[in-house]
Amino acid sequence: MHALRRWWHDTAGGLPATFWYLWAGILINRAGAFAMLFLSLYLTEARGASEALAGAVVGAYGAGGAVGVLLGGVLADRWGRRATLLTAHLVTAGLMVALALSRHLLLIAVLSALVGVVHSMPSPAFVASIVDMVPEQRRSRAFNLQFWAFNLGMAVASLLAGVLAEASYLALFLVDAGATLATALVIAWKVPETLRRPARTPRVVSRIGSAARGARRPGLLTALTDRIFLTFVGLTFVLAVLTMQTSTIMPLAMRADGLEPSAYGLVVALGGALIVLGQLFVPRLIDRRRKGFVLATSTGLMAVGFGALAVADELAVYLGAAVIWTVGSMLAAPPNAQINADLAPPELRARYQSVFYLTFPAASFVAPTLGGVSLQYLGSAHWLIVGGLGLLAAVGHLLAGPPRERRVAALLRGTRHGRPATPATGPMPAGGPEPVTDPVRT
């Protein structure tokens, strides 16, 4: 019993009540977010669209997601986290009802693009809220629980979606709208605004050419020119490309090996089950270890798992490889989120999140586009390239870890002593950022 209490404390202890309401909102939202999973089938079966047109509409949804991530980050820093979350969920619920009742393909395409925007808007606000309310020493377990809730919700969504799609596409969209509305009600009822608005924020001067350009107000461009942060984003992009192999290229490889679709479903189900059952044990494994080392280890495991597919021709090999890369993704989730939070200045937290989240739609484009060509012309050697890319990223995490740690330490020192926390965009001194500032009102 003592060991169980200790495990629970290490996994979920010390988190504020507001976090758990936000966590419940994430779980409800993901468990009910299943209508768009069946969008292509809905268009072809219920609306008579061609496969090409269905693909274009789904692509519009994805393009909207890239816009929504950036918009959500800017709004969460300007309006506030709570206002952004409520707006996005309420608008999504309304758009889902409109999609359920729409008959014209052009209108469905427009609505799908808009749903893509508002579906992605909450992501930066959710994570920024967690960073706002959870003390730094407990954020790893908070992000671990967020990742677990996301995957548990997706598992539930996958089960419910198939049942509802067979019964009624109308019910599919309406239940999705209801779950989204329920999330909005939880946030409105129990989640307060977590954004702290300082009276004044600094103007940041880049170390390169500062005299010529003068001071500028910190914003999205600050994140887009932050070299240490962008190095981390680039490494995360590689991780996302590896992860996308499971849903884009691996099914094609399994079909070429003569395996049935049910075999692919078993491999995916195994990964989901491992995450749901094992993710809660991750904090005790990684809490006292350096984040750069954990990310290098996790990326290396994913590289080995996907690289092993070069010799896979039976289901057992695919299942064994899936165990390896799933463990890697489980280890990567908490430090990935925490480093992203640590590198972001408080006043730009959601904007940094939005740039970070762009890696996923980018990977969803690159992985199938280049991966399909690679698999077609290189065959099994494709997986050796994927594994090699992952190993390079693992080395990159080892090399990028120390500069990241110095940056985070400098940001913490600046926050404690009341100095501006926004990083300069030019070359970083060994001790971290020391930007020239000119305070202005927000």
Side-chain angles (χ1 to χ4, degrees), residues 18-19 21-23 25-27 29-30 33 61-92 114-134 139 142-143 145-147 149-150 153 180 183-184 187 191-197 201 218-226 229-230 232-234 236-237 239-240 333-364 411 421-423 442:
T18 301
F19 166 79
Y21 289 112
L22 198 65
W23 180 89
I26 294 172
L27 181 60
N29 187 36
R30 297 319 306 171
Y61 170 77
V67 174
V69 161
L70 293 176
L71 179 62
V74 173
L75 292 179
D77 280 337
R78 289 186 177 179
W79 285 3
R81 322 315 192 195
R82 187 173 186 269
T84 302
L85 289 171
L86 285 175
T87 300
H89 284 91
L90 290 173
V91 173
T92 298
L114 293 175
V115 169
V117 173
V118 291
H119 255 180
S120 298
M121 280 176 58
S123 297
F126 267 129
V127 178
S129 295
I130 292 173
V131 179
D132 291 342
M133 74 176 77
V134 177
R139 285 177 191 161
F143 289 129
L145 289 165
Q146 178 211 9
F147 182 69
F150 184 91
T180 306
T183 303
I187 294 169
V191 178
E193 178 55 63
T194 61
L195 175 62
R196 297 177 182 177
R197 299 183 183 276
T201 56
L220 190 60
L221 186 61
T222 306
L224 292 172
T225 53
D226 184 337
F229 173 68
L230 290 180
F232 170 66
V233 169
T236 303
F237 170 72
L239 190 87
N336 234 355
Q338 188 168 0
I339 289 172
N340 186 29
D342 290 344
L343 289 175
E347 67 273 19
L348 301 178
R349 218 162 248 164
R351 288 177 172 89
Y352 269 62
Q353 292 292 334
S354 67
V355 174
F356 172 80
Y357 272 99
L358 275 179
T359 59
F360 302 103
S364 68
L411 288 172
T422 308
T442 54

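The model shown is predicted, which means the values in this text are computed figures rather than measured ones.
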How close do [X] and [Y] get, counting heavy atoms only, and between which atoms?
| X | Y | result |
| --- | --- | --- |
| L221 | T225 | O-OG1, 2.7 Å |
| W23 | L145 | NE1-O, 3.0 Å |
| S129 | L85 | OG-CD1, 4.3 Å |
| V355 | A223 | CG2-CB, 3.9 Å |
| T84 | G72 | CG2-O, 4.0 Å |
| V69 | L358 | CG1-N, 4.1 Å |

Side-chain contact test, heavy atoms from C-beta onward, threshold under 4.5 Å: evaluate it for [X] versus [Y] and give yes or no.
| X | Y | result |
| --- | --- | --- |
| S354 | L220 | yes |
| L343 | D226 | no |
| P122 | H89 | yes |
| V131 | F143 | yes |
| R82 | I187 | yes |
| L27 | F150 | no |
| H119 | T92 | yes |
| L70 | Y357 | no |

Assign the ring pair F356 / F360 to parallel, tilted or perpendicular, where the plane angle (0 to 90°) is split at 30° and 60°.
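Ring orientation of F356 relative to F360: perpendicular.
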Excluding sequence neighbours, so at least two apart, what forms salt bridge (Lys or Arg N to Asp or Glu O under 4.0 Å) with D132?
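For D132 the salt bridge (Lys or Arg N to Asp or Glu O under 4.0 Å) partners, ignoring immediate neighbours, are R81, R349.
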Pairing residues for R139 by the salt bridge (Lys or Arg N to Asp or Glu O under 4.0 Å) criterion, not counting sequence neighbours
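Checked R139 against salt bridge (Lys or Arg N to Asp or Glu O under 4.0 Å); matches are D342.
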Going from [atom1] on [X] to [atom2] on [Y], what distance comes out if it is rounded to the nearest 0.5 angstrom?
| X | Y | atom1 | atom2 | answer |
| --- | --- | --- | --- | --- |
| I339 | T236 | CD1 | OG1 | 8.0 Å |
| F229 | N340 | CZ | CG | 5.0 Å |
| L75 | T87 | CG | OG1 | 8.0 Å |
| L195 | M133 | CG | CE | 12.0 Å |
| T18 | I130 | OG1 | CD1 | 11.5 Å |

Is a donor on one side and an acceptor on the other found under 3.5 Å between the side chain of D77 and the backbone of A350?
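Yes; at least one donor-acceptor contact below 3.5 Å.
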